[in-house]
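Contents: one structure, followed by commentary.
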Amino acid sequence: MPADRIGLPTSGAKVVGTAVVDADGPGSATSKYCLVNARIMPVDPQAPNIEVKLALPWVWNGKAAMMGGAGYGGTIYEVAGNLLNAAPGSLSPLARGYAVFADDSGHQSSYPGAAADGAFLVNDEARHNWMGDSIKKTRDVAVAVMQAAYGRKPLRSYFLGSSTGGRQALQAAGRWPADWDGVVSLYPARNVTTSLLGMLAATQALSGPGHFLTPEKRGVLRRAALAACDSLDGAKDGIISNVKGCSTRFDPATATLNGIPVRCPDGQDTGDTCLSNAQIATLKSIDAPLRFQFSLASGSTGFPGFNILLSDSGVPDGSPLQPMMSAMSVGAEQPATPLSPSMAMMAHMSASYIRYAVTNSPGYDPLTFDVVHGGGYALRLSELSVADSSDNDLAPFAAKGGKVLMLHGTEDLLVSSRGTAAYYDALVKTMGATKLSSFLRYYQVPGFGHSISPTFNLGWDQLSALENWVEKGIDPAGNQIGVDTIGVPGRTRPLCIYPGWPRYTGKGDINNASSFRCVTR
């Protein structure tokens, strides 16, 4: 495929391998398909290729789905697999007959934690690919392959992603509205520069002597928050649904658990049954907004903080998900330089960004970086932030009839749901609530973390919701149900449009969505 058929600069692309994959049998979640491996070559000979995979079903429904990436990329989403947080029993895009494709975001990684390997960021073309350019390049190549395989282009095209893929979904709608009919954006890791500075600020706060919380201390905090706030939604179910109400009610400095103060006597650390003054101050600093004393081209003025006071940050409750919960919040080990695999994902993510994208110094100690003032790199940070505003204008996507489904869990301690809420509020301000509601739905899910949760592990038939809205005009505003697959397997809750949350009606099974209604206060 020559470079002039691809919408952004490359050195062209080629198919490098194909294989026929048979279906698994009757009732299979996959179907017979042709697996295509393609490669997109860079302009800069020092930049990596973009590696692409496509699954072309033998029986095609005429539609295409691109699967988004994760973290810093470097690997390719399983094109024959289902979406993250898919509803139990829902069919994968491939099993539905979609031609499915994905890429590695423009670089390859063998690092054990590939999601946090940012060494590629030193190369401008590779960084731009990860920041969004690979979406357009891969889409154009994939459509050309479909044209060759089926003799026609797809009738509908959807982008489906979570975390980094959620950011990519919004960028796809904002930058290339003509290419897409609908997108699903789960817990989008957007506003990259600001978000990574927020992660770094939290990492630095936890790194101070005596500031880190052991899992046992996090358990004290979690149980105290539940004791104070669980019943604010009318049901004592282990889920804090009234987040706003809890944030004004719960303070670990004055809270009690079973009649015993959460704060250690005199604020001194006396063990794992209480929190010291230093630890409470650390929690409050992570919860509080961060204000920059320098300007960013993106227009961002700060980071909104995390809901850490009321969230599961990795507690010793026996759940098999807790090690991952810990990794995607404060980590199993206190942040330090050099990093270790036991330290939090946010420590690894932010360190890579500072070292490779900002300072171009692999040996730089990110714990010494001045987050508030830019650490002498304010101009570089502003330059990097330019790409962060590429999803701010969704008007052209709305004008062509495109639809957006966006969702975030309130207990996400890697990508703050407050940032997604701020993005939504900004869209309301620029477009107006009526216009925005004509094409975008944003759900906040109480108890749900970053892709997982031992409390309420979300399953949602997101692709059906998008298809029905785009293709049949069925508005998903008030008819979407989330299924818990871990906390209480099979329990359901209504997915409430932000700023709504589910309140128990006072009667009926508390594990059934029909017993709840969405409210705003």
Side-chain angles (χ1 to χ4, degrees), residues 71-72 118 121 124 127-128 130-133 161 163-175 185 187-205 285-308 346-347 349-359 366 369-395 404 406 408 412-431 436 440 442 444 450 498-499:
Y72 278 132
L121 292 166
D124 285 345
R127 177 170 51 80
H128 285 297
W130 174 73
M131 278 300 301
D133 284 3
S163 194
T164 287
R167 164 177 64 79
Q168 293 171 328
L170 297 173
Q171 288 178 307
R175 294 181 66 181
S185 172
Y187 33 97
R190 57 172 307 280
N191 206 2
V192 170
T193 307
T194 292
S195 293
L196 286 164
L197 289 174
M199 291 183 195
L200 180 57
T203 299
Q204 291 175 342
S285 72
I286 295 173
D287 175 80
L290 170 69
R291 300 300 178 201
F292 301 142
Q293 299 301 310
F294 62 97
S295 298
L296 290 175
S298 65
S300 175
T301 58
F303 180 75
F306 293 96
N307 288 329
I308 193 168
M346 67 168 63
M349 295 284 293
S350 57
S352 278
Y353 199 69
I354 294 299
R355 287 170 173 164
Y356 299 110
V358 179
T359 67
F369 191 85
D370 185 347
V371 174
V372 172
H373 300 92
Y377 293 91
L379 289 178
R380 175 58 175 166
L381 289 165
S382 183
E383 178 187 60
L384 290 168
S385 79
V386 170
D388 295 337
S389 60
S390 63
D391 58 8
N392 285 352
D393 183 9
L394 299 181
V404 178
M406 195 163 65
H408 211 137
D412 192 332
L413 296 180
L414 183 61
V415 176
S416 177
S417 61
R418 296 179 188 174
T420 305
Y423 171 65
Y424 178 86
D425 291 339
L427 290 174
V428 170
K429 186 174 181 180
T430 57
M431 302 185 71
L436 187 63
L440 186 147
Y442 172 41
Q444 275 198 349
H450 193 78
Y498 170 82

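Residues: numbered from 1 along the sequence shown.
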Would you give the length of the straight line joining atom [atom1] of [X] to atom [atom2] of [Y], rounded to the nearest 0.5 angstrom?
X    : Y    : atom1 : atom2 : value
S195 : M346 : OG    : CE    : 10.5 Å
S416 : I308 : OG    : CD1   : 11.0 Å
L414 : M349 : CG    : CE    : 6.5 Å
D370 : Q204 : CG    : CD    : 8.0 Å
L394 : L170 : CG    : CG    : 7.0 Å

Exercise for the section: In sequence, state the C-alpha distance, the side-chain angles, and the governing distance for T420 and H408, and then conclude on side-chain hydrogen bond (donor to acceptor under 3.5 Å, both in side chains). Expected result: CA-CA 7 Å; T420 305; H408 211 137; 2.7 Å; yes

Handout entry: Cation-pi, F306 ring and R418 (6.0 angstrom, 45 degrees)
Key =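 No, R418 does not sit over the ring of F306.
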
Handout entry: Among D391, D133, D393, the one residue meeting salt bridge (charged side-chain N to carboxylate O under 4.0 Å, His left out) with R175
Key =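 Among D391, D133, D393, the one that satisfies the salt bridge (charged side-chain N to carboxylate O under 4.0 Å, His left out) with R175 is D133.
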
At their closest point, which heavy atom of [X] faces which heavy atom of [Y], and how far apart are they?
X    : Y    : answer
L121 : S352 : CD1-O, 4.1 Å
P366 : A351 : CG-CB, 3.7 Å
G166 : S185 : O-OG, 2.9 Å

Practice task
Look at the rings of Y442 and Y498 and say which category their plane angle falls in: under 30° parallel, 30 to 60° tilted, over 60° perpendicular.
Solution key: tilted

Exercise for the section: Take D388 and T193, measure what side-chain hydrogen bond (donor to acceptor under 3.5 Å, both in side chains) needs, and give me the verdict at the end. Expected result: CA-CA 7 Å; D388 295 337; T193 307; 2.9 Å; yes

Practice task
Without swapping roles, check the side chain of S385 against the backbone of A297 for a donor-acceptor pair under 3.5 Å.
Solution key: yes

Exercise for the section: Output, in order, the C-alpha distance, side-chain angles, deciding distance and verdict of side-chain hydrogen bond (donor to acceptor under 3.5 Å, both in side chains) for D124 and H128. Expected result: CA-CA 6 Å; D124 285 345; H128 285 297; 5.5 Å; no

Practice task
Applying side-chain contact (heavy atoms from CB on, under 4.5 Å), run through V192 and Y353 and close with a yes or a no.
Solution key: CA-CA 10 Å; V192 170; Y353 199 69; 4.1 Å; yes

Handout entry: T194 versus S300, side-chain donor and acceptor atoms under 3.5 Å
Key =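 Judged by distance alone, the side chains do pair up.
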
